[in-house]
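Quantities reported herein were computed from a predicted structural model and do not represent experimental measurements. First listed ligand is number 1; within each ligand, the first listed atom is number 1.
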Amino acid sequence: MTEQTATKESLGPQDAQLIDRYQDVHMHVFGKPLRVMDHGQGTRVWDVDGREYMDFLAGIAVNSLGYAHPAWVKAVSQQAARLAHTSNYFASRPQIELADRLIHLSGAPAGSRVYFGNSGAEANEAALKLARLYGRTLPGADADGTEGEPARILALTQGFHGRTMGALSATWKPAIREPFEPLLPAVDFVPAGDPAAMEQAFAAGDRRGPVAAVILELIQGEAGVRPLGADYVRQVRDLCDRHRALLIIDEVQTGIGRTGQWFAFQREDLAGGVRPDIVSFAKGVAGGFPMGGIIAFGQELSDLFTPGSHGSTFAGNPLGAAAALATLDAIEAEGLLANAEERGQQLRQGLEACGNRLFVGSRGRGLLDAVQLAHPCAHAAMEWCLDRGLIVNAVAPDALRFAPPLIVTAQDIEQGLAILADLPTDLPDD
Ligand SMILES: *Cc1c(COP(=O)(O)O)cnc(C)c1O
């Protein structure tokens with residue numbers, strides 16, 4: 001994410017005062033908050049000065065059911081009153097049921113297992129650790145970690161996998177990665193979307209050691225909502241198969257209904273029928289409760305983690321599991337996969353049809369979308385929309401990202417489009 005700034009004039013008095021207090025006591029890793037939010041309902045959220053916003057970002061693809069969804073609130077309240085946390089010395093019904101449901105929804109084969117964590121970065125940490133153990137089983141690899149470098153991880157340029165040291169090692173953007181080097185050794189970046197480059201990266205195995213895994217997003221979210229393309233993903237899968245490498249699909253942003261399927265890899269037009277070996281998920285899974293995890297496809301891979309290999313105090317916590325179950329239930333009961341598909345089409349078509357010359361193309365699937373801007377004024381555009389009561393995201397200097405709650409209605413989309421259609425074409429560049 002790029003630096004966010006708030007225009008003082010557009011802020012109410014409570015907002016301005018609280019933002020100053022925020023700035024005094026928080027490390028400035030996120031840039032200045034745009035507003036201080038107070039409460040939400042459905043697709044709307046209100047700031048501390050009582051101003052209403054239509055939310056086309058949903059806490060960055062997190063609030064799948066919008067705000068204060070009655071079934072979600074009920075499930076979380078009841079679980080909080082019953083059993084919030086146990087540690088992993090104990091299990092709980094919601095945790096077991098959630099693991100079962102996610103394996104089923106992913107179509108993973110019998111014997112597949114879940115590991116739960118608490119965020120996207122943590123999910124990818126687990127994926128990378130599992131891949132490291134897998135790499136030690138490959139011929140030509142350093143089998144016990146005592147000699148030389150481990151089997152490699154291949155990551156893509158423009159990819160984003162999180163901010164912890166492991167996940168950051170596979171995150172492309174030099175400005176956020178390089179200050180923290182040295183990171184994990186044996187992570188090679190490969191130009192995204194270029195099958196020949198991927199083939200070369202595998203071939204470098206003669207010098208650089210075997211490849212344990214390729215990690216990629218089917219739609220590179222933080223890079224500006226850029227689908228890799230089904231043909232490319234199929235070619236990468238073939239290379240992984242030929243070289244016995246794992247394919248890790250990072251669905252932290254795309255997973256759990258966001259693209260109109262439970263997982264984006266279930267979309268033929270994103271993955272061409274390819275299955276991952278490991279899929280990571282987080283953002284939208286628990287509808288606003290911090291939760292994430294991975295599914296390892298197949299028992300052999302799942303069994304590489306043994307007691308002591310990995311863990312987290314909060315992992316699979318019953319409160320988070322109940323929030324996730326309520327989210328999955330509502331997605332099913334309210335037909336939100338189909339809604340994501342239809343509302344996404346409505347949004348992209350509306351952007352194309354509205355005639356605003358600032359827009360030079362739209363992209364995305366389901367409710368993970370972006371519009372390409374004619375010049376790099378995304379920040380000014382985002383603030384202009386915010387001042388008119390619409391939350392959108394300046395994902396790149398020349399692109400706006402949209403990730404509305406999956407419950408968004410046709411009327412909501414119309415309302416958002418009406419604001420977007422009026423965006424001035426002469427906004428200042430970033
Ligand atoms: C957001 C995101 C992450 C990191 O998730 P956190 O919960 O912020 O740690 C990882 N991968 C992808 C694709 C993401 O969009």
Test of understanding: given a 4.0 Å heavy-atom threshold, classify the contact between [X] and ligand 1 as side chain, backbone, both, or neither.
| X | value |
| --- | --- |
| Ile60 | neither |
| Lys283 | side chain |
| Ala121 | both |
| His161 | backbone |

Point to revise | Sub-4.0 Å protein heavy atom near atom 6 (P) of ligand 1 | key: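 So atom 6 (P) of ligand 1 has protein heavy-atom neighbours under 4.0 Å.
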
Check your understanding: For Phe305, does the CZ atom sit with more than 12 other heavy atoms under 6.0 Å from it, leaving out its own atoms?
Key ->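 It does: Phe305 CZ has more than 12 such atoms within range.
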
Point to revise | Test item: Lys283 and Ile60 side chains (from C-beta on) under 4.5 Å apart, heavy atoms | key: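 In contact.
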
Atom indices of ligand 1 within 4.0 angstrom of [X] heavy atoms, with elements:
| X | answer |
| --- | --- |
| Asp250 | 10 (C), 11 (N), 12 (C), 13 (C) |
| Asn124 | 10 (C), 11 (N) |
| Gln253 | 15 (O) |
| Ser119 | 7 (O), 9 (O) |
| Glu217 | 13 (C) |

Practice item. May I ask you to check whether Phe160 and Trp172 place their ring centers less than 6.0 Å from one another? Key: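 Centroid separation for Phe160 and Trp172: 6.0 Å or greater.
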
Review point. Does the separation of the ring centres of His39 and Tyr67 fall below 6.0 angstrom?
Key: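 So the answer is no for these two rings.
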
Taking the basic N atoms (NZ, or NE/NH1/NH2) and the acidic carboxylate oxygens, is any pair closer than 4.0 Å for [X] and [Y]?
| X | Y | result |
| --- | --- | --- |
| Arg93 | Glu97 | no |
| Arg343 | Asp369 | no |
| Arg401 | Glu222 | yes |

Review point. Quick check: does Ala282 get an N/O under 3.5 Å from an N/O on ligand 1?
Key: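 Min N/O separation from ligand 1 is not below 3.5 Å for Ala282.
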
Check your understanding: Does a side chain donor of either Gln372 or Arg363 reach within less than 3.5 Å of an acceptor in the other side chain?
Key ->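 A pair is found: one side chain offers a donor N or O, the other an acceptor, under 3.5 Å apart.
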
